[in-house]
Structure formats: C-alpha cells, structure tokens
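The model shown is predicted, which means the values in this text are computed figures rather than measured ones.
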Amino acid sequence: MKEKKTRKSMGRAGSLLVSLLITAVVGFVYFYVSLPAINPQSGDFYSFLLLLCLVYTISVFVLSAKPLDQGEYSVVRTPREKIKEWFRFIKKSCLPVLILFAATIVVAIVGQIISMPIFRASAYRELLTVQTGDFANDIAEISFSEIPTLDRDSANFLGDRQMGTLSDMVSQFEYSNDSTQINYQGRPVRVAPIAYADLIKWFTNRGNGLPAYVVVDMVTQEATVTRLTEGIKYSFSEPLNRNIMRHLRFQYPTMMFSTPEFEINEEGHPFWIAPRVVKRIGLFGGVDIQGAVLVDAVTGECEYYEEVPNWVDTLYVPSLIMQQYDYYGTLVHGFINSVLGQRDVTQTTSGYNYIAMNDDVYAYTGVTSANADQSNLGFLLCNMRTKETHFYTAPGATEYAAMASAQGVVQDLGYTATFPLLLNIADEPTYFIPLKDATNLVKTYAMVNVAQYQIVATGETVSVCEQKYIQMLSDKGITQPEDMLQDQVTGTIAEIRSAVINGTTHYYVRLEGNTAADDYYGFSADEVPWAILLNVGDKVKISYYPAAGGICQPAFEVERLEAAPALYLPAVTYPN
C-alpha cells in the first residue's frame with residue numbers, strides 16, 4: 001500500500017507573513033470600495049479596523065490548522081482539549097491583534113456613550129446660534145424675477161427632457177438627476193452634470209469626459225444644456241479612480257466629507273463642493289461643517305478652504321441645520337425636559353425649501369411645538385454658506401396644512417402642491433405654492449396667508465396670483481391699499497396692445513417717452529370695461545405697485561383724466 005505524503009508546514013513565521021499579506025489585500029480592496037476615513041471620529045474607521053483584525057485572525061487560524069495536528073500538538077486529545085489547544089495557539093500568534101480588536105470595540109462603545117445628548121445637552125444646544133429677526137424688515141419683497149417656481153422633481157424632469165438637444169451624443173449620456181440649487185449670475189437655478197449611460201459608454205467616452213451640464217432656471221422654467229470645451233472627468237458616474245469620492249479620499253485620507261454638491265462659478269466652470277465634516281462633541285457627537293474642499297470637475301485639482309469663496313452656495317445642507325435646530329429647540333431646559341414635561345420645547349417641521357436673497361441661497365423650514373400639531377410658531381431662514389440662522393415669529397398653519405388648503409382650491413383639476421416657499425407679500429408672511437399636474441409640470445400658483453390659511457389666491461402667473469392675494473388681504477382688512485408701496489405715472493398713450501388670455505382681453509398701454517418692455521401697464525377688460533374706448537393720444541393717470549416687477553407693471557388704478565373718474569382695479573392680470 002502506497003504511503004500518503006504529508007505536506008510540509010510553512011512554519012509559524014511563514015503563516016504569519018501570509019496572513020499579513022492576505023489582510024493587506026483584503027484591507028486594500030475594502031478601502032478602495034468603501035472609502036473609510038482614517039479618522040478616529042469616523043464610525044467607518046472602526047469597522048475597517050475590526051475587519052482587518054478578523055481577516056488576520058481567521059487567516060492565522062486557517063493556515064495554522066494543519067500544524068495543530070503535528071509536532072507538539074499531535075498527541076491524541078479529546079475535541080474539547082483540541083479546541084483549547086487551538087485557542088492557545090491563536091492567542092500566542094495573534095495576541096496584539098486580539099488586544100487591538102478588543103480596544104477598538106471598547107473605544108467605539110465609550111465614544112458613543114460620552115457623545116450622547118443625555119450627558120452633553122448644553123453642548124448640543126450650542127451647535128447652532130439662532131438670532132431673532134423681524135420679518136417685515138429683514139425679508140424684503142422679492143421681485144418676480146427672483147421667485148423660484150419649480151421644486152426639485154419638476155426641475156429634474158425638465159432637465160431630463162432637455163437631454164434631447166444632445167442629438168449627437170444622447171445615446172452615450174443621460175441626465176444625472178443630481179441637481180443643486182444655486183444663485184448663478186443673480187438668478188436661482190439648478191445645475192446638474194450629465195452621466196455616462198452605462199459602463200460600456202463610460203469605457204468608450206472616458207478619455208474626453210462628460211461634455212456638458214444642465215442648467216434649469218427656477219423662475220422661467222427654461223432648461224439649457226451647456227457644452228464644455230473640455231469635459232468633466234471627475235464625477236459620481238466614474239467607476240474607478242476618477243470617481244469624485246475616491247479622488248477625495250486618496251487626496252485627503254483622514255478627512256470626513258458629506259456628499260459633494262455640483263456647482264458652477266460665475267464664469268460657468270464646474271466644481272464639486274465637498275464640505276468637511278467634523279464632530280464637535282465627544283468622539284462621535286455634534287456633527288458640523290468646517291470648510292470645504294473645492295474640486296475642479298475638469299482637472300481634478302483640489303483645494304481646501306476654511307472659508308469658502310462667496311460664489312459657493314451649498315456648504316451646509318438643510319437636513320443638518322434642521323437636526324441642529326432640533327437640538328437647540330428640544331434641549332432648551334436640558335435632556336430630561338426634552339423627554340418629560342417638554343416645557344418650551346420646539347422642533348422643525350418635516351420639510352424645507354430654498355429661497356434666494358442677497359446673492360445667497362437660504363434654506364427655509366417651519367418651527368412647531370413638541371406635539372407637532374397643525375400650527376407653526378414661526379420659521380427659520382439659514383444661509384447655506386455661512387450658517388447664519390434667524391428665527392421669525394409667525395404663528396399660523398404648517399406648510400402641509402397650507403398645501404392642503406391650496407390643493408382644495410384646485411381639487412377639480414387634480415393638481416398637487418409642492419413644498420412652499422415663504423415670501424413677504426405686503427408685509428405679510430405668505431406661503432407661495434406652485435401647483436403641478438401629473439407630468440410634474442407647474443400649471444398654476446397659489447399664495448396662502450400663514451396666519452389665516454383659509455385666505456388662498458391662485459393664478460396662472462405669479463403676478464396674477466400676487467395681485468389677487470393682495471386684494472384678498474385688503475378685503476379681509478388685513479392690509480390697506482394705501483399702506484402698500486405705490487407709484488403713479490401720468491402721460492399720453494403712445495401705444496395700446498391687446499391679447500386674449502383664457503377668454504379675457506388684456507390691454508397693455510405704453511406712454512409717450514417710455515420704450516422699455518417693463519414700461520407697459522397691464523389691465524383686463526373685466527376690470528376696466530371701458531378700456532376698449534382708450535385711444536392713442538388719450539391722457540391717463542395710472543397707479544401701480546412698483547415692487548412687483550415683471551414684463552408689465554401691474555396697474556391697480558387707471559384714470560382717464562379727460563373723460564372719466566378714476567376706476568379702481570381690484571386685481572391685476574398680466575403675463576410674466
């Protein structure tokens with residue numbers, strides 16, 4: 001009978017070296033795929049350490065299982081004794097790794113405990129500084145050219161539809177659906193890169209990169225594709241080293257980042273804004289932002305800024321601000337009060353939106369009581385670049401109650417309300433709510449008074465909606481026309497134009513000496529029945545609200561000086 005050959009053991013030193021090699025390979029693959037920050041404040045870092053310890057220990061166990069049946073361990077023993085021998089061998093070979101494994105678990109557990117709000121309530125409350133503001137003085141009435149009329153979903157729908165203009169490359173690329181709201185050249189827009197259609201398309205186009213990005217104007221609802229002379233080579237659609245997260249991790253292995261946002265500077269050059277995450281309380285608590293790394297999306301060049309340039313709009317995200325305010329509002333009298341009693345406890349509502357002011361982007365969210373009922377106590381506005389946060393007292397309906405009220409007015413049309421913006425209309429806090437159809441296109445607009453959400457005005461243009469709303473406020477005695485900013489002009493009619501809109505004739509009058517498009521004053525035949533009698537050469541006096549802006553200045557009062565007494569227009573209708 002042929003004798004069975006026994007494989008020669010590689011020895012203890014050999015098994016340890018092979019185990020180290022296996023651990024290094026597994027660790028590199030895990031690091032390349034998961035990209036954990038090498039930072040003791042990152043939970044992923046502890047997962048990474050534990051994985052390395054486990055891989056090394058298992059490798060030693062597997063590679064040493066054969067020698068356990070040979071040499072000094074070859075004496076016949078019971079299974080229980082054999083298991084004890086195995087554990088003694090692993091302990092002898094892996095003691096430092098086992099100590100590291102245990103220490104990692106202990107540090108992670110202790111770090112979680114010392115970072116809990118129950119022990120650090122005051123520190124959590126100090127994460128956000130909230131100033132009290134005066135609504136009428138701080139929040140100016142915004143021109144129609146600055147009011148966003150789209151939500152994220154509608155903007156993404158329009159951006160995706162615009163991809164058809166890339167007829168020469170549409171099969172190669174697709175819309176990324178990853179848009180960022182910014183102020184670009186004084187206008188609120190959403191910008192998004194395009195993406196490779198699939199892995200094969202990436203392989204064939206990776207040399208030139210992504211050739212364009214999409215800009216959606218949040219006011220005019222126009223989507224445009226901006227082509228680049230040199231393509232975007234660093235993005236989320238890159239699967240290997242040029243993936244934006246992998247590129248950042250290799251450049252800054254110890255930094256923690258929140259999800260990078262795509263932006264363009266005032267010259268239209270694309271960048272990725274990667275906010276640096278820090279933990280300010282204990283080991284894992286008090287998530288905050290400290291500066292950002294700006295990555296050139298074309299060249300990959302990175303630079304860290306403690307204070308980002310002014311054109312950057314998205315250093316902070318609303319969800320972080322809302323979390324920090326919830327600490328601020330719920331821990332006002334300590335942790336115990338936040339759970340039991342809840343005296344003076346407040347919290348944010350469950351949604352947010354953006355508004356552009358002073359060339360910055362602000363996040364808006366409501367503030368309600370601990371019971372989260374159907375009424376708000378006020379609202380927050382937070383600068384997304386500086387984190388400057390103001391609270392404004394404005395008791396009234398929650399955003400979702402206002403949305404339901406707006407939908408009730410157009411329920412026969414089946415329109416759905418988007419999350420509202422908060423505007424200053426006639427010094428009144430007002431929810432502005434675009435209403436869209438089943439195809440995600442905005443069809444009409446609503447304005448809902450915050451304090452009295454049964455006051456709802458709708459209109460097919462922003463200006464029509466505003467003037468109807470102002471008239472409702474006047475009818476309810478909330479505001480008086482004479483209290484509002486007004487202006488008057490007297491002159492001779494140089495031109496009259498008319499258009500039929502939704503079955504109603506609208507007249508647009510230009511006076512002598514005026515040539516600009518916004519020097520036309522608009523009113524409808526419903527409001528001024530005798531408008532049909534106006535002729536070129538008639539002398540008239542027109543009163544209007546100059547803050548409204550738009551293509552035509554909205555007249556609320558028209559007087560034909562030579563023929564009739566003043567006629568008061570209760571509302572204004574004119575197209576944007």
Side-chain angles (χ1 to χ4, degrees), residues 16 19-20 22-62 83-84 86-128 245 248-249 252-259 275-290 317 319-320 322-340 345 347:
L16 295 182
S19 298
L20 286 173
I22 293 172
T23 303
V25 171
V26 172
F28 174 79
V29 172
Y30 180 86
F31 182 83
Y32 191 84
V33 174
S34 299
L35 304 173
I38 310 302
N39 188 315
Q41 289 190 319
S42 169
D44 293 338
F45 174 65
Y46 294 90
S47 299
F48 184 44
L49 279 181
L50 292 175
L51 174 68
L52 295 180
C53 292
L54 284 173
V55 170
Y56 179 81
T57 303
I58 292 172
S59 298
V60 169
F61 178 80
V62 171
I83 291 174
K84 287 183 179 180
W86 284 347
F87 275 108
R88 276 198 293 268
F89 182 85
I90 292 173
K91 181 179 177 181
K92 182 178 179 181
S93 304
C94 308
L95 183 59
V97 175
L98 294 175
I99 293 175
L100 177 61
F101 185 89
T104 300
I105 294 176
V106 170
V107 171
I109 293 174
V110 173
Q112 288 285 0
I113 293 173
I114 65 174
S115 305
M116 293 173 66
I118 190 173
F119 302 115
R120 306 293 298 276
S122 61
Y124 273 93
R125 193 166 189 270
E126 292 169 1
L127 285 171
L128 185 67
M245 292 304 299
L248 281 166
R249 177 56 62 231
Y252 301 91
T254 63
M255 277 192 185
M256 298 180 291
F257 296 103
S258 65
T259 303
R276 179 190 177 189
V277 173
V278 294
K279 310 288 182 67
R280 301 196 183 279
I281 302 173
L283 193 58
F284 301 123
V287 176
D288 205 0
I289 301 298
Q290 182 177 312
V317 293
S319 58
L320 176 61
M322 292 166 69
Q323 181 190 63
Q324 291 189 353
Y325 181 83
D326 286 343
Y327 289 134
Y328 177 89
T330 57
L331 300 175
V332 59
H333 296 304
F335 181 82
I336 300 300
N337 180 73
S338 70
V339 180
L340 303 175
V345 168
Q347 62 187 19

Legend entry - From CG (Leu100) to CG (Leu95), nearest 0.5 Å: 11.5 Å
Legend entry - side chain to side chain contact (heavy atoms under 4.5 Å, CB included) between Val278 and Ile289, worked out: CA-CA 6 Å; Val278 294; Ile289 301 298; over 6 Å; no
Legend entry - With sequence neighbours excluded, residues passing side-chain hydrogen bond (donor to acceptor under 3.5 Å, both in side chains) with Arg125: none
Legend entry - side chain to side chain contact (heavy atoms under 4.5 Å, CB included) involving Ile109 - partner list, sequence neighbours excluded: Ile105, Ile113
Legend entry - OG1 on Thr23 to CG on Leu16, rounded to 0.5 Å: 10.5 Å
Inset, instruction - Side-chain contact test, heavy atoms from C-beta onward, threshold under 4.5 Å: evaluate it for Leu52 versus Tyr30 and give yes or no. - result: no
Inset, instruction - Scan residues 113-123 for pairs that pass side-chain hydrogen bond (donor to acceptor under 3.5 Å, both in side chains), counting only residues two or more places apart or in two chains. - result: none
Inset, instruction - Compare all side-chain heavy atoms of Leu283 with those of Val107 and state whether any distance is below 4.5 angstrom. - result: yes
Legend entry - Atom pair CD1/CZ of Ile38 and Arg249 - distance to nearest 0.5 Å: 7.5 Å
Legend entry - Value rounded to 0.5 Å, distance of CD in Gln347 from CD in Gln323: 13.5 Å
Legend entry - Under the ring pair (Phe, Tyr, Trp, His ring centres under 6.0 Å) test, residues paired with Phe31 that sit two or more places apart: none
Inset, instruction - Specify the closest pair of heavy atoms between Leu127 and Gly286, including all atoms of both residues, with the distance to one decimal. - result: CD1-CA, 3.7 Å
Legend entry - Results of side chain to side chain contact (heavy atoms under 4.5 Å, CB included) for Leu20 - residues two or more places apart only: Tyr56
Inset, instruction - Just jot down the ring pair (Phe, Tyr, Trp, His ring centres under 6.0 Å) partners of Tyr328, sequence neighbours excluded, or say none. - result: Tyr325
Legend entry - Heavy-atom pair of closest approach, residues Val287 and Gln324: O-NE2, 3.0 Å
Inset, instruction - For Tyr46, enumerate each residue passing the ring pair (Phe, Tyr, Trp, His ring centres under 6.0 Å) test, keeping only those at least two apart in sequence or located in another chain. - result: Phe284
Legend entry - Interatomic spacing from OG in Ser338 to CG in Asp326 - rounded to 0.5 Å: 11.0 Å
Inset, instruction - Can you sort out the partners of Met245 under side chain to side chain contact (heavy atoms under 4.5 Å, CB included), two or more places apart, ordered by chain and number? - result: Leu35, Phe236, Asn243, Pro260
Inset, instruction - Kindly give the heavy-atom pair with the smallest separation between Asn337 and Val345, and that separation in Å. - result: ND2-CG2, 3.6 Å
Inset, instruction - Please collect all side-chain hydrogen bond (donor to acceptor under 3.5 Å, both in side chains) contacts where either partner lies in residues 32-45, sequence neighbours excluded, each pair once. - result: Tyr32-Asn241
Legend entry - salt bridge (charged side-chain N to carboxylate O under 4.0 Å, His left out) contacts touching residues 277-286 (sequence neighbours left out): Arg280-Asp288
Inset, instruction - Any chance you could measure Met116, atom CE, to Ile281, atom CD1, to the nearest 0.5 Å? - result: 13.0 Å
Inset, instruction - Please name all residues satisfying ring pair (Phe, Tyr, Trp, His ring centres under 6.0 Å) with Phe101, sequence neighbours left out, ordered by chain then number. - result: none
Legend entry - Within-4.5 Å side-chain heavy-atom neighbours: Tyr327 and Leu128: no
Inset, instruction - Could you tell me which residues satisfy side-chain hydrogen bond (donor to acceptor under 3.5 Å, both in side chains) with Gln112, sequence neighbours excluded, listed by chain and number? - result: none
